[in-house]
Amino acid sequence: MNFKEIKKLISIFEDSKILSELEVEESGFKVRLKKSAHETEVIQTTPSAQPSSSKPSHTAVGKTEEAHEAGMEGLIKFESPIVGTFYHAPGTNKKPFVKEGEIVQKGQILCIIEAMKIMNEVEVDIKGRIIRVYVEDGTPVEFGQPLFLIEPL
Amino acid sequence: MNFKEIKKLISIFEDSKILSELEVEESGFKVRLKKSAHETEVIQTTPSAQPSSSKPSHTAVGKTEEAHEAGMEGLIKFESPIVGTFYHAPGTNKKPFVKEGEIVQKGQILCIIEAMKIMNEVEVDIKGRIIRVYVEDGTPVEFGQPLFLIEPL
Amino acid sequence: MFQKILIANRGEIALRIIRACRELGIKTVSVHSTVDENSPHVRFSDESVCIGPPESHLSYLQIPAIISAAEITGADAIHPGYGFLSENPHFAEICHSCKIKFIGPTSENIRILGNKAKAKEIMKAAGVPVIPGTEDQLDSPETAKKMAREIGYPVIIKSCFGGGGRGMRIVEKEEKIEAIFSSLQKEAFNSFGESNLYIEKYLQKPKHIEFQILADTEGNIIHLGERDCSIQRRHQKLIEETPAAQLSDSLRKKMGEAAIQATKAANYTSAGTVEFLVDSKGGFYFIEVNTRIQVEHPITELVTGIDLIKEQIKIAAGHKLLSGKDNFRFEGHSIECRINAEDPKKFIPCSGKITALNLPGGPGVRVDTAIYCDYTVLPYYDSLIAKLIVHGKDREEAIRKMDQALHEFQVEGIKTTIPFHRKVFKNKNFIKGEFHTDFVDSFLQH
Amino acid sequence: MFQKILIANRGEIALRIIRACRELGIKTVSVHSTVDENSPHVRFSDESVCIGPPESHLSYLQIPAIISAAEITGADAIHPGYGFLSENPHFAEICHSCKIKFIGPTSENIRILGNKAKAKEIMKAAGVPVIPGTEDQLDSPETAKKMAREIGYPVIIKSCFGGGGRGMRIVEKEEKIEAIFSSLQKEAFNSFGESNLYIEKYLQKPKHIEFQILADTEGNIIHLGERDCSIQRRHQKLIEETPAAQLSDSLRKKMGEAAIQATKAANYTSAGTVEFLVDSKGGFYFIEVNTRIQVEHPITELVTGIDLIKEQIKIAAGHKLLSGKDNFRFEGHSIECRINAEDPKKFIPCSGKITALNLPGGPGVRVDTAIYCDYTVLPYYDSLIAKLIVHGKDREEAIRKMDQALHEFQVEGIKTTIPFHRKVFKNKNFIKGEFHTDFVDSFLQH
């Protein structure tokens, strides 16, 4: 079950006047939804509660989104702020800006996105560890497309 | 079980007047649904007892249908078996076949419906008391239109 | 002109007739079975009368109920649509005797042309080419064998009262005649109440081409061009187009003249269709006259600019045909796909609720339908749920439009024939216009 | 011809362009904001790129995002539709410099004709009649007063960069000029980033009539007849028809010639519209040129048989206009109703989910829409949800068709302008064709 499906599931659950609890479990992955007695508090959220204080705000250029997939609790998806071509390094045969496993500082450049022949440097707005690079060098990306998976530190 | 199937399951569960909890488990995959206490109660109220034994069978020419309106429990609607013009009496200035309050016997003629210039006598298939005559003399009636309200005796 | 027309039908054709009446300023009465209470034809007519339970034979085929409905609502005419009572001479006769105008040909027209052998006889006498075969009914399998030897195999044996693909069987060899003869006789008796059979030469790889006819009571007759209905499965038409893809102008002209000749010979009035089979050598043979408005009439409307239902009503009201501003022209190319609630591979009808619906639209796209999202397709009636019709400058544009429109036409909750159509519109032979009545059978095998 | 066109728009017009591209065999790329992910224009295009968040200025108006989307998908042309970036000369220029063909006029055309005062000047010089008023921008309320005295009250003061009813005000008396001048200046600056104003004679009871123009790069210009757009509310068109109800053939001819003259004077290419006001004495005055495809283009398509979007694309690709089989004719009468998601009395836009939908259909009925049952009308975008277009033999038939189609058009869950249209089509003055641009205001008061 991917993020979109969970989102849809939540919306179905919210809209339902009848359901009060819903639980889906699948190969080590589990979603449990429960309505509060007053119905004001909508979702009691996914398994292990997550400190909401760690949620980062949007970056200046990039956009981060909480990762909802199983086993990704507390991780952040760094999304493309613009449409264009993704470059992982400042040039051909150059070292990539960041590698998986690397720790990045707030304000550090993660990649370049070329749009209209302009190279846009994309900065990260939190400190964290790069868990995954989603996009290959030189591929086109659309607005909101996940570029990196980051563990906030 | 894929997402679509879960969605369908929820809708089946919601529509069910009987289920209050539902759990599906299959090789490491599990769905659990539960209805709120309030909602289950509402649904449980509907099957309020009504004597189903008093339901009559259909007549040869006429058709009877249990009355469902409030205060009409146990009464029968006698419906028009054909399209045509309803006549309450065998002719102008003649006495009507039946009046409100009158008791009718099985097989008695209740009215005439004229269709294609043919006068069709309409018989009742139960014994009962005429509570109401719905249609005025000389008015057109369609198939299944209630003609009389009858209390079965 | 009529004041009020009762429409003795349901679904898209009932709605189609309501639209025509509205434009002519005529009030409409719809009739419906108990399950059709909330159907579009009921919602969009001025009045409606419930005539019976769901089963057709107790409602839409119930002549007394329909006549009664016309009488109590004061309708002065009845439009039968297609199917149901549209080709029932008895119904046309009762309408006449009740002084309600039957919008269609005379009961005599229907009766004579409904008898295939009789119709063939008339056409042969009038000089319209007919398929070699018996003029009389077959009296025995022996006569059938004798005739078949004269005509040459393969032959086709048909019920005199069949139609729409029912009550007919192809015979390849003499030894099979006996068995087919008796089973067909039984089948015909069960379906039509008459067991009379006749025999014809079976044409291989023919095209099925019909001409739209309009004939008024003053004896004026015109044809509005042809429709190629060769894309059919078990004699059920699935796709129709006009003009026919590979028909020479000279053959078109000859066939059009023959269609008018046929209409004249039958002393026919109203809208009607003269059907022919065309073989690969340009020979054409009269098959039958359809004495009703056809399912596929819209393609002729788009190409000619004529509203056939309105014309049919006006002719019934005694008007001269194409009076006033109703000039016609032949412009562009039009194709219709019949969208049926059927499995697209096995064509088994399928009923159920439509849970999501997207109808195609835009320039040159016409949809004739009475379905909507949340509509329940009922098992009691015909599986046709929509007609998708396009009109383009030429055949190529029409095919591209249809391809796009089928792409946009989305129905969820029930199976439809849309996937079948989508495949046909990508088929090379279809695109080239190279097809015959056997197209669908061989297409489905691949 | 282009290989792949990016459509920088959404809703019905994006779908309309996709349909045209499909027929031309051109691949399509749609762009969409995050909330439009499942919209029909995304579903029915070959590729789609998310270009930003819901707000238009961050997505559909975001030039770099759109150009980038064209670059990463390899689109060789962009169709801007109407609204959004369609009349933005800067956008056209950027497309050009990025070697992506902007399907529309040159940026120079857009820039000059977008400046109302400048456009008027050009037309006056070319001998096209213009409304008496300033040729230059007004520098002060005093100049406005002086001009108004010359022209005679009532006058109308407009922003040089306004349009679609915004940035204009009627002035009946001199004492009101000062206040209106300064408030309009502020409004214009806030809306268009320019505060330049000009003044004109205000015509009472005029008809708003526009001519559809096609001009290719070889200098061939034709007009495809007029559209009467007088049924408008606060300068927003609600109903359009062609031909105009009460326009003499001689005036039609004169205006058509003036429209071609205007197109020539502006050195214009692509599809475009020359707008005029016509007073009760048969005087006609140039207002502006719309340098885009219009919302109401379908009525011209139905009457002429020309696909304007395809023509526009072909012209952009350097084709000669109406090459091949694309002959045109003027046949019948066509009317369009704009169905907006708005309160039908106060015209306040209303968003929400469509819970039930029945679209009209049948002969002569065209629906251009991107809604479906369960579609959610979003508050971020234009309230137009469907265009209902009919085509009849004559105005009377078209009106009856529209009346029936509006009757069948059922939308639940949101408010629409359908009830407003239904009333208009029963209004005697409208039916007689006796209306002016003030029709809706006086109609709504009764």
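Note that this is a predicted model, so its numbers are computed, not measured. Letters A, B, ... are given to chains in the order of the sequence lines, protein chains preceding strands, and every chain is numbered from 1.
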query = Mind checking what makes side chain to side chain donor-acceptor pair (under 3.5 Å) contact with D:Tyr375, not counting sequence neighbours?
reply = D:Arg10

ask   = Is any residue of residues 67-75 of chain D within less than 4.5 Å of chain A by heavy atoms, and which ones?
value = D:Ile67, D:Ser68, D:Ala69, D:Glu71, D:Ile72

query = For D:Asn115, what residues pass the side chain to side chain contact (heavy atoms under 4.5 Å, CB included) criterion, not counting sequence neighbours?
reply = D:Ala117, D:Lys118, D:Gln137, D:Cys160, D:Phe161

message = With side chain to side chain contact (heavy atoms under 4.5 Å, CB included) as the criterion, how do D:Glu87 and D:Asn290 come out once you've worked through the C-alpha distance, each side chain's angles and the decisive distance to 0.1 Å?
response = CA-CA 8 Å; D:Glu87 287 170 297; D:Asn290 282 309; 3.8 Å; yes

key: Pair D:Tyr380, D:Ser59: side-chain N/O donor-acceptor within cut-off below 3.5 Å   = no

request  = Please tell me if the side chains of A:Val83 and D:Gln62 come closer than 4.5 Å, counting only heavy atoms from C-beta onward.
outcome  = no

query = Quick one: are D:Val377 and D:Cys350 in side-chain contact, heavy atoms under 4.5 Å?
reply = no

ask   = Using a heavy-atom distance cut-off of less than 4.5 Å, which residues of residues 101-113 of chain A contact chain D?
value = none

inquiry  = Do D:Leu384 and D:Tyr82 make a side-chain contact, defined as non-hydrogen atoms from C-beta onward lying under 4.5 Å apart?
reply    = yes

ask   = Between the side chains of D:Ser48 and D:Ser30, is a donor N or O closer than 3.5 angstrom to an acceptor N or O?
value = yes

request  = Select, from A:Gln145, A:Met116, A:Lys117, A:Glu114, the one with the greatest count of heavy-atom pairs under 4.5 Å involving chain D.
outcome  = A:Met116

key: Interface moiety of D:Ile66 toward chain A, non-hydrogen atoms closer than 4.5 Å   = neither

ask   = Relative to the ring of D:His41, is the ring of D:Tyr60 parallel (under 30°), tilted (30 to 60°) or perpendicular (over 60°)?
value = tilted

